Amino acid sequence: MVLTEINVDDLNKLMHLRIERLIHLFASSLPSCLIHIDAEHTLSVHCPQSEIVDDLLDELEDLCNHAWLILGVSKIALYFGQEEILSTNTYYR
């Protein structure tokens, strides 16, 4: 059996699907947010409304667990406007 190599497009598609999975799990809050993962494996969530930040803070433990399991990120940063509201690790050793 010959296995094909995974290229950059494949990796981008896989990451997009993982992000979509996380958004689906937090359907009441994440769909309206801008989501970005940087090179340091930090998930940045830019919220357009303060109520969404409040909702995500209420679900923070679940968000951290799912972001770590699904995306493999080590930190989450929540933003409202240009201000960072919270930065936390996704898992605890």
Side-chain angles (χ1 to χ4, degrees):
M1 181 166 108
V2 176
L3 297 176
T4 60
E5 292 183 27
I6 295 178
N7 60 35
V8 175
D9 288 337
D10 295 333
L11 292 174
N12 287 336
K13 288 177 188 175
L14 288 171
M15 181 54 74
H16 177 75
L17 290 171
R18 294 191 331 234
I19 290 171
E20 288 296 319
R21 176 67 178 142
L22 184 69
I23 289 171
H24 176 73
L25 291 173
F26 295 89
S28 64
S29 51
L30 286 182
S32 60
C33 298
L34 177 63
I35 297 174
H36 177 263
I37 300 172
D38 65 18
E40 286 81 37
H41 303 287
T42 298
L43 174 69
S44 298
V45 180
H46 297 267
C47 304
Q49 300 170 352
S50 61
E51 294 82 15
I52 294 174
V53 175
D54 293 338
D55 291 345
L56 290 173
L57 289 173
D58 289 342
E59 301 175 314
L60 188 60
E61 186 175 349
D62 287 338
L63 179 60
C64 287
N65 289 335
H66 286 91
W68 181 57
L69 289 170
I70 295 169
L71 301 174
V73 295
S74 57
K75 290 184 117 182
I76 293 177
L78 297 179
Y79 293 87
F80 177 64
Q82 298 296 328
E83 184 179 348
E84 184 178 279
I85 304 300
L86 170 85
S87 179
T88 187
N89 291 328
T90 57
Y91 63 95
Y92 303 97
R93 297 177 193 199

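What you are looking at is a predicted structure, and each value in this text was computed from that prediction instead of being measured. Along the sequence shown, the residues carry numbers beginning at 1.
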Checklist entry - Leu14 and Leu69: same hydrophobic cluster, using ILVMFWY side-chain contacts below 4.5 Å? => result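 Hydrophobic grouping puts Leu14 apart from Leu69.
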
Checklist entry - Between atom NE2 of His36 and atom OG1 of Thr42, what is the distance when rounded to the nearest 0.5 Å? => result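 Answer rounded to 0.5 Å: 10.0 Å.
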
Checklist entry - Looking at side-chain heavy atoms only, is the closest gap between Leu56 and Ile76 below 4.5 Å? => result no

Checklist entry - So, for Ala67 and Leu43, which heavy atoms are closest and what is the spacing to 0.1 Å? => result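 Residues Ala67 and Leu43, closest heavy atoms: CB-CD2, 4.0 Å.
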
Item to check | Close side-chain approach of Ile37 and Ile19, heavy atoms under 4.5 Å | outcome: yes

Item to check | Leu25 vs Ile70, side chain to side chain contact (heavy atoms under 4.5 Å, CB included): CA-CA, chis, key distance, verdict | outcome: CA-CA 11 Å; Leu25 291 173; Ile70 295 169; 3.5 Å; yes

Item to check | Reported NZ-to-CG distance for the pair Lys13 and Asn7, which is rounded to 0.5 angstrom | outcome: 7.5 Å

Item to check | Set of residues satisfying side chain to side chain donor-acceptor pair (under 3.5 Å) with respect to Glu84, sequence neighbours excluded | outcome: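 Applying side chain to side chain donor-acceptor pair (under 3.5 Å) to Glu84 gives Tyr79.
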
Checklist entry - Between Met15 and Leu63, is there a shared hydrophobic cluster once you connect ILVMFWY residues whose side-chain heavy atoms come closer than 4.5 Å? => result yes

Next on the checklist: When you compare the side chain of Ser32 with that of Gln49, does any pair of heavy atoms fall below 4.5 Å?
Outcome noted: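 Heavy-atom side-chain distance check fails, nothing below 4.5 Å.
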
Next on the checklist: Do Trp68 and Phe26 sit in one hydrophobic cluster, given that two such residues count as connected whenever their side-chain heavy atoms are within less than 4.5 Å of each other, even indirectly?
Outcome noted: no

Item to check | Heavy-atom closest pair, residues Ile52 and Ser29 | outcome: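 Shortest heavy-atom contact: CG2-O, 3.6 Å.
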
Checklist outcome for this item: Minimal heavy-atom distance between Leu78 and Leu57, with the atoms involved, is CD1-CD2, 3.8 Å

Next on the checklist: Please determine whether residues Leu71 and Leu86 belong to a single hydrophobic cluster, defined as Ile, Leu, Val, Met, Phe, Trp and Tyr linked transitively by side-chain heavy-atom distances below 4.5 Å.
Outcome noted: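 Yes, it is one cluster - the side chains of Leu71 and Leu86 are joined through contacts under 4.5 Å.
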
Item to check | Any Tyr91 side-chain heavy atom under 4.5 Å of Cys64 side chain | outcome: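 A side-chain contact under 4.5 Å is absent here.
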
Checklist entry - Between Asn65 (side chain) and Asp62 (backbone), is there a donor-acceptor pair under 3.5 Å? => result no

Checklist entry - Does some side-chain heavy atom of Asp10 sit less than 4.5 Å from a side-chain heavy atom of Thr4? => result no

Checklist entry - Looking at CD of Glu61 and NE2 of His66, how far apart are the two atoms once the value is rounded to the nearest 0.5 Å? => result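 Rounded to the nearest 0.5 Å, the CD-NE2 separation comes to 11.0 Å.
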
